[in-house]
Structures are given as C-alpha cells and as structure tokens.
2 protein chains.
Amino acid sequence: MPTRLTSKGSATRQRIIEGAAAEIRARGVMVTTLDDVRARTGTSKSQLFHYFPTGKEELLLAVARFEADRVLADQQPQLGELTSWPAWLAWRDKVVARYREQGRHCPLSVLVSQLGRSTPGAQAVVTELMNQWQAQIATGIRAMARAGEISPLLDAERQAAALIAGIQGGVLMLLSTGRTTHLEAALDVAIEGLRRP
Amino acid sequence: MPTRLTSKGSATRQRIIEGAAAEIRARGVMVTTLDDVRARTGTSKSQLFHYFPTGKEELLLAVARFEADRVLADQQPQLGELTSWPAWLAWRDKVVARYREQGRHCPLSVLVSQLGRSTPGAQAVVTELMNQWQAQIATGIRAMARAGEISPLLDAERQAAALIAGIQGGVLMLLSTGRTTHLEAALDVAIEGLRRP
DNA sequence: GATAAATTGGACCCGCAAGTCCAGAAACAG
DNA sequence: CTGTTTCTGGACTTGCGGGTCCAATTTATC
C-alpha cells in the first residue's frame with residue numbers, strides 16, 4: 001500500500017471510484033464485479049488492489065461516500081436557503097425531481113445494504129449524511145420560526161427528524177413502486193404541518 | 001417438481017422456509033448459504049431444489065412472504081381498531097416496541113434489497129404489504145373523521161401515505177443508527193397533525 | 001400388495017469472481 | 001545519473017456456493 005500518492009496515482013484512484021459508481025448506477029451492485037470496474041476504467045486487477053488494499057469492500061465504501069456527497073450537493077442551493085415558504089416549496093420540488101429522475105435505482109441505498117447496515121463504515125457514511133441533512137432542515141425551521149412564520153413552540157429537531165424519516169420512506173416506496181406519491185405526500189403533509197399556526 | 005404435496009412434503013417445505021428465515025434473522029442474507037439452511041433444517045441439497053425448483057431466489061421469495069405476513073400480524077389487533085385516540089397511541093407504542101425489539105436487523109428489508117427491488121416477485125410482496133398497511137391506517141382515519149375527531153377535509157389516503165412513509169423512513173433510520181428517535185418523531189408528528197382541527 | 005408418484009440422500013460438477021504474485025515501466029529524490 | 005518508490009499489467013490460484021444427477025426409500029392410491 002502506497003504511503004503517499006502522486007498526482008497520477010490519485011487521478012487513477014478517482015477514476016476507479018467514479019467508474020465503479022457509474023457501473024453500479026447502470027447495472028446494480030449485485031452484478032457488478034471487479035472485472036467490470038476494471039474494464040470500464042481501463043485498469044488492471046493489481047491497480048484495484050493497489051489503491052484499495054483490503055479489496056472490494058473498501059472500494060464500495062469509497063463509492064458510497066462519493067454518492068452520499070452527491071445527495072446533499074444535488075439539493076443545493078435550495079436546502080441551504082429555507083428562509084421563506086416559496087423557498088421551501090422550491091426545495092420540495094427539487095427533492096421530488098431529483099428522486100423522480102433517479103427512478104428506481106438508488107445507488108446509495110443499494111450500496112449500504114450491500115455493505116451491511118451495521119458495518120461501522122457504512123453506518124458512518126449514512127449517519128453523517130443524515131445528520132447534515134437534518135441539521136440543514138432544522139436550521140431552516142428555526143429561521144422560519146424567527147421570522148414568525150412557524151410557531152416557536154415546535155421542536156425544530158423533532159420536526160426535522162420526522163421530515164427526514166418521511167423523505168427516506170418516500171424514497172423507499174419509490175424504489176419499490178416506481179411512484180413518487182408517497183414521497184410527495186410525506187413532504188407536503190410535513191410542510192403543511194409546519195405551516196399551521 | 002412435484003405436482004402435488006403430501007402432508008409430509010409440505011411440512012418439510014415449511015420447515016425449510018422457517019429455518020431459512022431464522023438463519024437469515026440470525027446472520028443476514030448476505031452470508032447465508034444454502035448449505036447453512038441445509039444444516040439448520042436437517043435437509044439435503046436435493047430437497048431444497050425439490051421444493052424450490054428454480055433455486056435460491058424462489059426460496060428467498062418464500063421467506064420474504066413469510067416475513068411480510070409477520071409485519072402486519074405483529075401490529076394486530078391494534079392496527080385494525082384505530083377508533084379512538086387511546087387506540088392510536090396504543091398502536092403507535094406497539095409499532096415502536098416491535099421495531100425496537102427487532103433492532104438493527106430487518107429481515108424483510110434485507111431480503112428485498114437482496115432480491116433486487118425491481119424484481120417482479122419482490123416488488124409484489126412489498127407493494128402488497130404496503131397496500132394493506134396503508135389501507136388499514138386509512139380506514140382508521142376515516143373512522144375517526146366519522147366520529148368527528150379528525151377534520152373531514154383531510155384526505156385519508158394521502159395522510160395514510162405520508163404516515164407509511166414516515167414509518168418506513170423511521171425504521172430505515174433505526175437500521176442505520178440503532179435509535180428509534182426518528183421512528184417515534186415520525187409517528188408522533190403525524191398523529192399530532194391528524195389531531196389538530 | 002402392487003405400482004406409481006412423491007420424497008430423500010449426498011456425491012459431484014462447474015463457473016465465477018475475489019484475491020495473489022511478480023516482474024517491468026514510470027516517476028521521483030538527491 | 002542513479003537508486004528508490006510508486007505505479008501498472010496480466011497471468012494464475014483458490015475457495016466457495018449454486019445447481020445437477022441418480023439411485024434409494026418412503027408414501028399414497030387402487
């Protein structure tokens with residue numbers, strides 16, 4: 001294992017991660033083999049094990065991190081600017097659009113359940129993502145409360161937690177049914193709940 | 001493949017399903033092999049393929065159906081009797097207790113994601129379960145509306161859909177974090193939302 | 001009790017994909 | 001320029017687990 005990467009080396013490493021991510025998005029984790037990644041990225045077996053010494057699991061974890069970053073990135077700038085009701089609705093629409101486009105293949109979900117949800121690595125990636133997500137929503141709720149648009153009696157963290165749960169469940173339903181009904185219902189009902197005095 | 005099962009035959013078949021379910025609950029799908037099932041149930045390879053001719057996938061599907069049935073069964077009788085606020089809270093507590101006890105291993109979730117969410121079989125099991133679940137909640141909401149406890153302006157199906165999404169997401173969070181915070185928040189916030197006039 | 005079907009045992013096959021090895025090429029340090 | 005580290009290529013090994021086969025044995029049916 002290399003103690004330090006040259007620029008060429010880290011480029012190759014990045015190419016492997018992105019290629020693996022693309023392969024997994026296209027065909028699913030279950031059927032993606034190291035040889036597929038090798039073929040797509042134009043690398044060799046020894047390179048794979050050079051950059052991910054402990055093997056496939058390490059690579060999958062890197063891909064999971066990569067995908068987790070995209071989840072929040074795809075919601076910006078709206079998620080960071082939840083300061084008015086139109087902004088909330090714009091964010092809501094962006095979330096729905098994002099997942100509708102993604103359709104029935106959620107790379108992150110499938111990666112995490114492949115790695116096993118209880119593995120420390122996978123767990124860390126997920127909880128980190130969820131914490132950030134929930135924190136940004138809670139910030140939005142507090143901003144709205146400060147502006148007098150949301151009752152200050154509501155516990156921002158609790159509401160944010162419920163909203164996160166609704167989104168996750170909505171996406172889960174989308175994965176199974178192919179429909180965004182549940183996701184939209186969850187978002188809309190939650191936001192309506194915030195809106196009421 | 002047998003055209004008809006004798007009582008002994010169907011007993012064996014059932015033993016295989018339950019043994020496989022237990023094995024999967026205990027150690028996870030990923031690592032459970034046909035040989036493990038064989039060992040636990042005291043059967044032979046040929047028996048496995050005798051009762052599940054197309055192989056592992058068919059067995060896993062049978063196990064998924066078995067587990068799906070338990071999900072609803074474990075919520076009875078409360079889920080079928082959502083006719084007063086105390087009844088709703090009792091149901092809420094039962095759901096939380098059920099999943100808290102189950103902890104981080106949701107056999108159904110892991111089975112479905114193993115089979116691939118888009119496989120027709122897995123899809124059928126999940127949507128069937130969700131439909132029934134949602135229908136019973138919606139029935140409860142309508143009963144409460146009729147009793148004047150819930151505003152008749154609320155769309156029962158939509159509220160039920162949001163609630164289902166919240167539960168699913170809450171369970172998902174439980175699987176990742178080991179905590180029931182999100183599940184409880186989702187249930188409580190949703191019920192509070194119904195309760196308000 | 002005979003015959004046909006259902007049931008059981010376990011040895012065997014086979015493909016595949018993860019992981020290993022080593023030697024050669026390229027990049028870097030001084 | 002030279003020794004050293006990083007990087008790359010690809011052939012090879014290996015273990016494992018799903019799936020096949022067939023012969024033996026029990027169970028149903030008449």
Atom-to-atom span, [atom1] of [X] to [atom2] of [N] - whole angstrom:
X: His50(B); N: dA23(D); atom1: NE2; atom2: P; value: 17 Å
X: Phe49(A); N: dA11(D); atom1: CZ; atom2: C1'; value: 15 Å
X: Leu59(A); N: dG19(C); atom1: CG; atom2: P; value: 11 Å
X: Leu48(A); N: dG9(D); atom1: CG; atom2: P; value: 11 Å
X: Leu60(A); N: dA18(C); atom1: CG; atom2: C1'; value: 13 Å
X: Gln14(B); N: dT7(C); atom1: CD; atom2: P; value: 14 Å
X: Arg38(A); N: dG9(D); atom1: CZ; atom2: P; value: 10 Å
X: Tyr51(B); N: dA5(C); atom1: OH; atom2: C1'; value: 12 Å

Q: Taking only Lys NZ, Arg NE, NH1 and NH2, and the carboxylate oxygens of Asp or Glu, determine whether Arg92(B) and Glu184(B) approach each other closer than 4.0 Å.
A: yes

| Would you say the base of dG9(C) and the side-chain of Ser46(B) have a donor-acceptor pair closer than 3.5 Å? | yes

Discussion item. Taking atom types as they are modelled, would you say the side chain of Lys45(A) forms a donor-acceptor pair with the base of dG19(C) within the 3.5 Å cutoff?
Written reply: yes

Is [X] near enough to [N] that one of its side-chain N or O atoms lies under 4.0 angstrom from OP1 or OP2?
X: Gln47(B); N: dT8(C); value: yes
X: Thr12(B); N: dT8(C); value: yes
X: Thr33(B); N: dG18(D); value: yes

Q.
Keeping Arg117(A) on the side-chain end and Val126(A) on the backbone end, is there a donor-acceptor pair under 3.5 Å?
A. no

Main-chain N/O of Ser44(A) paired to Gln47(A) side chain as donor or acceptor, under 3.5 Å: yes

Is the shortest heavy-atom distance from the side chain of Met130(A) to the side chain of His182(B) under 4.5 Å? no

Among the nucleotides dG18(D), dA18(C), dT8(C), whichever has the atom closest to the side chain of Ser44(B) is dT8(C)

Requested in this report: Dump the intermediate steps for side-chain contact (heavy atoms from CB on, under 4.5 Å) on Leu163(B) and Leu187(B), then the final yes or no.
Outcome: CA-CA 7 Å; Leu163(B) 190 36; Leu187(B) 280 163; 4.1 Å; yes

